[in-house]
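Predicted model, so just to flag it, every value in this text is computed and none were measured. The first residue in the sequence is number 1, and the count goes up from there.
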Amino acid sequence: MDLSYNETQGMLRETLARFLADTYDFESRKKMLASPTGRDPGIWKAIATELGLTCAPFAEEHGGMGGGAIENMIMMEEFGKVIAIEPWLQTVVIGGGALKHAGGALAEATIPAIISGDAIIAFAYAEPQGRYNLADIGTTAKADGAGYILNGHKGVVYAAPWATHLLVTARTGGGRRDRAGVELFLIEANRPGVTRRDYPTVDGFMASEVYFENVAIPGEALLTGGIDLIERVVDEATVAVCAEASGIARTMVNQTVEYTKQRKQFGQPIGKFQVLQHRMSDMFVEAEQVSSMALMGTLKLDEAADARKAAVSMAKAKVGKSLKFVGQNAIQTHGGIGITMELAIGHYFKRGTMIEGQFGSIDHHLDRFEALSYPA
């Protein structure tokens, strides 16, 4: 199996890496977080229009480059290296992925808007009681003539304060935890009856509690595919955050190595101490495993459903463990200053900690892998 990247993929990585190096240094990121909107909208527009990168994972008939999951993985790894707060995951990976798989008129209309940077999509799927069960949904979409009436509440909806559209999971029938009756809708974020409570997250993003009160939505807002589509999109998002974790882990290793060259004790850099050299070697190995598992999970996305789910869960569980190891050892090596706002390493650690639980914890994915690999 050839695991090397082609020329186009290498160009995409280099283009984004150069752009982020110029626009996303640590001080610039802190200024973005402190701004009223929590971001610089011009950066997303530049990624879409000046660099043309948002077209990479979409088909040529939609104005894209014909790429897919590998291109998303490359982009997410580069975003992870600078802990970027851009909505690539929510808009391109999740929103764009759902539209690609569902197809139809809505995809034809919305994907070009994603590519141009005009559409930002937030994924409203999590509910307080649901934990990681995608079918545990209290939000309802009741048929009303040719459309639906949407009622419910979604929590921690990343990028919702910036979104033009919401990708919403809702129940059209069945019991609260039944797989049957769970559907996916793409609606405009400013529809009457949609309200938000916005707040910053621990890792620097903006998120919202989103409430739907008798929101009238058209029938064409429904994306065909039901719970199977939702699970596939979430699996694609899961390996995308694994790729982001790869960029984060490698950067934490590099920053820790650099810190040990500068920090001195007993008249010499602490990087000369053998115990810390061993620690950093172990961190490097774990960071490389994060990268390998992210690639493995990405390559398995087109396999049959159970094989895909097992591979994704294997990847996420290992990435969660390795990222925790790298992050904790990076902070311990830096000492108390490592968890302050002063150094970048603490910000990487916060984002890494959030990734450990995003789209399923280590225990959740170990349980899912076991159930798929060794069914009762």
Side-chain angles (χ1 to χ4, degrees), residues 29-41 43-44 83-95 98 110 114 118-142 148-172 176 182-218 221 223 230 233-234 237 241 244 341 347 350-351 353-361:
R29 182 180 183 273
K30 286 203 296 186
K31 289 179 182 177
M32 293 181 210
L33 300 187
S35 69
T37 59
R39 67 190 283 253
D40 179 355
I43 291 180
W44 181 250
I83 45 177
I85 49 177
E86 305 305 314
W88 187 282
L89 174 67
Q90 295 77 22
T91 300
V92 179
V93 178
I94 299 175
T110 311
I114 293 175
D118 294 322
I120 294 179
I121 298 174
F123 187 32
Y125 76 102
E127 298 187 9
Q129 83 292 336
R131 190 61 174 168
Y132 301 123
N133 184 355
L134 297 173
D136 190 344
I137 294 176
T139 300
T140 60
K142 295 184 177 179
Y148 299 87
I149 300 297
L150 189 64
N151 283 281
H153 163 224
K154 298 292 184 177
V156 199
V157 184
Y158 272 66
W162 317 322
T164 59
H165 295 75
L166 298 173
L167 190 64
V168 185
T169 60
R171 182 169 294 285
T172 59
R176 196 173 90 180
V182 176
E183 301 291 353
L184 192 61
F185 298 86
L186 183 68
I187 68 172
E188 296 91 346
N190 60 357
R191 277 197 167 269
V194 179
T195 57
R196 302 191 324 263
R197 179 171 60 84
D198 303 337
Y199 49 85
T201 60
V202 170
D203 49 353
F205 284 80
M206 291 294 292
S208 305
E209 300 298 299
V210 182
Y211 302 89
F212 306 97
E213 185 174 356
N214 296 323
V215 180
I217 57 177
L223 300 182
I230 296 167
V233 168
V234 170
V241 296
E244 182 187 0
M341 297 295 288
H347 297 253
K350 288 177 182 178
R351 177 61 189 143
T353 300
M354 296 297 285
I355 285 176
E356 289 174 33
Q358 196 168 5
F359 303 119
S361 64

Heavy-atom side-chain contact between Arg131 and Asp136 under 4.5 Å: no
Heavy-atom closest pair, residues Ala159 and Gln90: CB-CG, 4.1 Å
Side chain Arg191, main chain Val215, donor-acceptor under 3.5 Å: no
Expected output: side-chain Trp162 to main-chain Thr37 donor-acceptor under 3.5 Å: yes
Heavy atoms from other residues, nucleotides or ligands near CD of Gln129 exceed 12 (cutoff 6.0 Å): yes
Side-chain touch Pro161/Arg39, heavy atoms, less than 4.5 angstrom: no
Side chains of Glu209 and Val156 in contact at under 4.5 Å (non-hydrogen atoms): yes
Side-chain (Tyr132) to main-chain (Gly357) donor-acceptor, under 3.5 angstrom: yes
Partners passing side-chain hydrogen bond (donor to acceptor under 3.5 Å, both in side chains) against Arg196 (at least two apart in sequence or in another chain): Asp198
Under the side chain to side chain contact (heavy atoms under 4.5 Å, CB included) test, residues paired with Lys30 that sit two or more places apart: Phe26, Glu27
Exam field: side chain Glu86 to backbone Ile43, donor-acceptor pair closer than 3.5 Å: no
Check: Thr169 side chain, Leu184 main-chain N or O, donor-acceptor pair, under 3.5 Å: no
Test log, rule side-chain contact (heavy atoms from CB on, under 4.5 Å), inputs Ile137 and Lys154: CA-CA 9 Å; Ile137 294 176; Lys154 298 292 184 177; 4.0 Å; yes
Residue pair Ile121, Leu186: steps toward the side-chain contact (heavy atoms from CB on, under 4.5 Å) verdict: CA-CA 9 Å; Ile121 298 174; Leu186 183 68; 4.2 Å; yes
Backbone N/O of Ala141 and side chain of Thr172: donor-acceptor pair under 3.5 Å: no
N/O donor-acceptor pair under 3.5 Å between Glu127 side chain and Thr139 backbone: yes
side-chain hydrogen bond (donor to acceptor under 3.5 Å, both in side chains) involving Arg197 - partner list, sequence neighbours excluded: none
Aromatic plane relationship, His153 with Tyr211 - under 30° parallel, 30 to 60° tilted, over 60° perpendicular: parallel
CZ-CZ distance between Phe185 and Phe212, expressed to the nearest 0.5 angstrom: 11.0 Å
CD-CG distance between Glu183 and Leu223, expressed to the nearest 0.5 angstrom: 9.5 Å
Heavy-atom side-chain proximity of Phe359 to Leu89 below 4.5 angstrom: yes
4.5 Å side-chain heavy-atom contact, Ile94 and Tyr158: no
Non-hydrogen side-chain atoms of Glu213 and Thr195 separated by less than 4.5 Å: no
Polar side-chain atom of Lys142 near backbone of Asn151 as donor-acceptor pair, under 3.5 Å: no
Beyond-backbone contact of Leu134 with Val182, side-chain heavy atoms, under 4.5 angstrom: no
